[in-house]
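Below you'll find the structure, written out as structure tokens, and then a few comments.
The first residue in the sequence is number 1, and the count goes up from there. What you see is a predicted model, and the numbers here were worked out from it, not measured in a lab.
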Amino acid sequence: AAREIEQQEERNMLIANLSHDMRTPVTAIKGYIEGIIDGIADTPEKQQKYLDTIYSKAIVLERLLDGMTEYSELELGRMQYAFEFVDITEYLSKLAEEYRTEIETHNLSFTCSLADKEMIVLADKNKLKRVLDNLIGNAIKYNKEGGNVMLTQEAVSSGVMITVSDNGTGIKKEDLPRIFDGFYRGDSARSNIKGNGLGLAISKQIIENHHGKIWVKSEKDEGTQIFVYL
Ligand code: ATP
Ligand code: MG
């Protein structure tokens, strides 16, 4: 019963956060449209500026809705998987080049250490990319000036361990149990950094559908390590 109350509370929190995240852009859109209707935006330049803002707020809403659709498809088990045998070493080394560019444009350094032999796993490449994009994206977003992002891959007993680490902001102890929950975001992320709080929830679903495991180790102000076992 305690667990049920906890889950109900989580759902209530989730809806409260979500309404808050949706209300902000809606309020802005309404305000700017009123500005146009009331004639506060009284020059073509001002009107254009208002329209640009309305457009960008609509995109924020659209992203949130896309995230919700993706999340509910996963939760309802409607996501279609295309499993195939993948050489994860080759797969990661290709992705790593993309990530290197992305990471370096954010003035962070990138360290990559992959296995030196072929390792075959049964995986859906696109879904796995969704996971890695989010992990690397988080390591970039929640980093510090001049920080580092690290991607490693190694053979472990009957599987492969992939880790994404950063020496960024880290995660508070009390946030740790919740970061894999849908729509959960740390307070500082909520106020400063773009995101829906869905990446890790989606990642967890995807890795579990691969019969793998995903977990976190993090120290506030020190950095974060995410482990993916396949
Ligand atoms: P989205 O992935 O939907 O764009 P998000 O990045 O905020 O949004 P998640 O990827 O699910 O959501 O992460 C959940 C929360 O966990 C983040 O809001 C942040 O507070 C915390 N977090 C995740 N990864 C890191 C990290 N590498 N360093 C510090 N905090 C992190
Ligand atoms: Mg994320």
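Residues Phe110 and Ile140 have side chains not in contact (no heavy-atom distance under 4.5 Å, counting atoms from C-beta outward). Residues Leu61 and Ile29 form a side-chain contact, since some pair of their non-hydrogen atoms from C-beta on lies under 4.5 Å apart. Two residues are said to be in side-chain contact when any heavy atoms from C-beta on lie closer than 4.5 Å; Val131 and Ile207 meet this criterion. Lys129 places a side-chain heavy atom less than 4.5 Å from the side chain of Leu95. Taking 4.5 Å as the limit, every side-chain heavy atom of His20 sits out of range of all side-chain heavy atoms of Leu18. Residues Val216 and Leu176 have side chains in contact (heavy-atom distance under 4.5 Å, counting atoms from C-beta outward). Contact annotation: the side chain of Ile214 approaches that of Phe180 to within less than 4.5 Å [non-hydrogen atoms, C-beta and beyond]. Between Tyr229 and Val160 there is no side-chain heavy-atom pair separated by less than 4.5 Å.
By the 4.0 Å N-to-carboxylate-O rule, Arg130 lies close enough to Glu70 to be salt-bridged with it. A salt bridge is defined here as a Lys NZ or Arg NE, NH1 or NH2 lying under 4.0 Å from an Asp or Glu carboxylate O, and Lys94 with Glu90 meets this definition.
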Could you walk me through whether Asn138 and Leu200 pass the side-chain contact (heavy atoms from CB on, under 4.5 Å) check? CA-CA 9 Å; Asn138 285 350; Leu200 286 176; 3.9 Å; yes
Begin from the C-alpha positions of Asn196 and Asp21 and carry the test side-chain contact (heavy atoms from CB on, under 4.5 Å) through to its verdict. CA-CA 8 Å; Asn196 292 331; Asp21 290 347; over 6 Å; no
Between Leu132 and Tyr91, does a side-chain contact (heavy atoms from CB on, under 4.5 Å) hold up when you go through it step by step? CA-CA 11 Å; Leu132 291 163; Tyr91 173 82; 4.0 Å; yes
Tell me, with the steps shown, if Lys49 and Glu45 meet salt bridge (charged side-chain N to carboxylate O under 4.0 Å, His left out). CA-CA 6 Å; Lys49 230 178 121 193; Glu45 292 74 33; over 6 Å; no
I would like to know whether Leu114 and Ile88 meet side-chain contact (heavy atoms from CB on, under 4.5 Å); could you show each step before the answer? CA-CA 10 Å; Leu114 303 181; Ile88 197 84; over 6 Å; no
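A distance-only check finds no donor-acceptor pair linking the side chain of Asp175 to the backbone of Ile171 [under 3.5 Å]. At distances below 3.5 Å, not a single donor-acceptor pair connects side-chain atoms of Tyr50 with backbone N or O atoms of Ile36. Side-chain N or O atoms of Asp166 include none that pairs as donor or acceptor with a backbone N or O of Val149 at under 3.5 Å. With Lys144 contributing its side chain and Thr169 its backbone, the two residues share no donor-acceptor pair below 3.5 Å. Using a distance-only test at 3.5 Å, with no hydrogens or angles considered, a donor-acceptor pair links the side chain of Tyr99 to the main chain of Asp133. Thr163 places no side-chain N or O within 3.5 Å of a backbone atom of Phe227 that could act as its donor or acceptor partner. A donor-acceptor pair under 3.5 Å is formed between the side chain of Gln47 and the backbone N or O of Ala41. No donor-acceptor pair closer than 3.5 Å links the side chain of Lys57 to the backbone N or O of Thr27. The backbone N or O of Phe83 sits nowhere less than 3.5 Å from a side-chain atom of Asp124 that would complete a donor-acceptor pair.
Across Tyr142 and Arg185, no two heavy atoms sit closer than the pair OH-NH2, 3.0 Å. Residues Cys112 and Arg100 come closest through the heavy atom pair CB-NH2, 4.3 Å. Nearest heavy atoms, Thr53 versus Ser56: O-OG, 3.0 Å. Shown here for Ser203 and Asn134, the closest heavy-atom pair between the two residues is OG-ND2, 3.7 Å. Nearest heavy atom pair, residue Gly223 against residue Ser218, reads O-OG, 3.0 Å. The nearest pair of heavy atoms linking Ala201 to Tyr71 is CB-CE1, 3.7 Å.
Counting only N and O atoms by type, the side chains of Asn148 and Thr111 include a donor and acceptor under 3.5 Å apart.
Counting heavy atoms of neighbouring residues, nucleotides and ligands inside a 6.0 Å radius, atom CD of Glu219 does not exceed 12 of them. Counting non-hydrogen atoms of neighbouring residues, nucleotides and ligands closer than 6.0 angstrom, the CD atom of Glu145 reaches no more than 12 such neighbours. Residue Lys220 places its NZ atom among more than 12 non-hydrogen atoms of other residues, nucleotides or ligands, all under 6.0 Å distant. Taking a 6.0 Å sphere around CD of Gln8, one finds it holds more than 12 heavy atoms contributed by other residues, nucleotides or ligands. In the displayed structure, Arg63 atom CZ is contacted under 6.0 Å by at most 12 heavy atoms of other residues, nucleotides or ligands. Within a 6.0 Å sphere centred on CD of Gln80, heavy atoms belonging to other residues, nucleotides or ligands number 12 at most.
The same ILVMFWY cluster, assembled from side-chain heavy atoms under 4.5 Å apart, contains both Leu92 and Phe85. In the hydrophobic cluster analysis, where Ile, Leu, Val, Met, Phe, Trp and Tyr join through side-chain heavy atoms closer than 4.5 angstrom, Leu51 is grouped apart from Tyr55. If you chain together hydrophobic residues whose side chains sit under 4.5 Å apart, Leu65 and Ile54 fall into the same group. Residues Ile226 and Trp215 are members of separate hydrophobic clusters, defined by side-chain heavy-atom contacts under 4.5 angstrom among Ile, Leu, Val, Met, Phe, Trp and Tyr. Under the 4.5 Å side-chain heavy-atom criterion for ILVMFWY residues, a single connected hydrophobic cluster contains both Ile37 and Val26.
Atom CG of residue Asn209 and atom CG of residue Leu74 lie 7.0 Å apart, to the nearest 0.5 angstrom. Of the inter-residue distances, the one linking Asn167 atom CG with Gln225 atom CD reads 11.0 Å to the nearest 0.5 angstrom. Considering CG of Leu230 and CG of Leu128, their distance stands at 6.0 Å, rounded to 0.5 Å. If you take CD on Glu4 and CD on Glu9, they are separated by 12.5 Å, rounding to the nearest 0.5 Å. Distance CE/Met68 to CD/Glu73: 12.5 Å, rounded to 0.5 Å. If you take CG on Leu198 and CG on Leu64, they are separated by 7.5 Å, rounding to the nearest 0.5 Å.
Here the options are Gln153, Lys117, Glu118, the test is side-chain hydrogen bond (donor to acceptor under 3.5 Å, both in side chains), and the partner is Thr89; only Gln153 passes.
In this structure, Lys127 satisfies the cation-pi test against Tyr81, with its NZ or CZ atom closer than 6.0 Å to the six-membered ring centre and inside 45 degrees of the ring normal.
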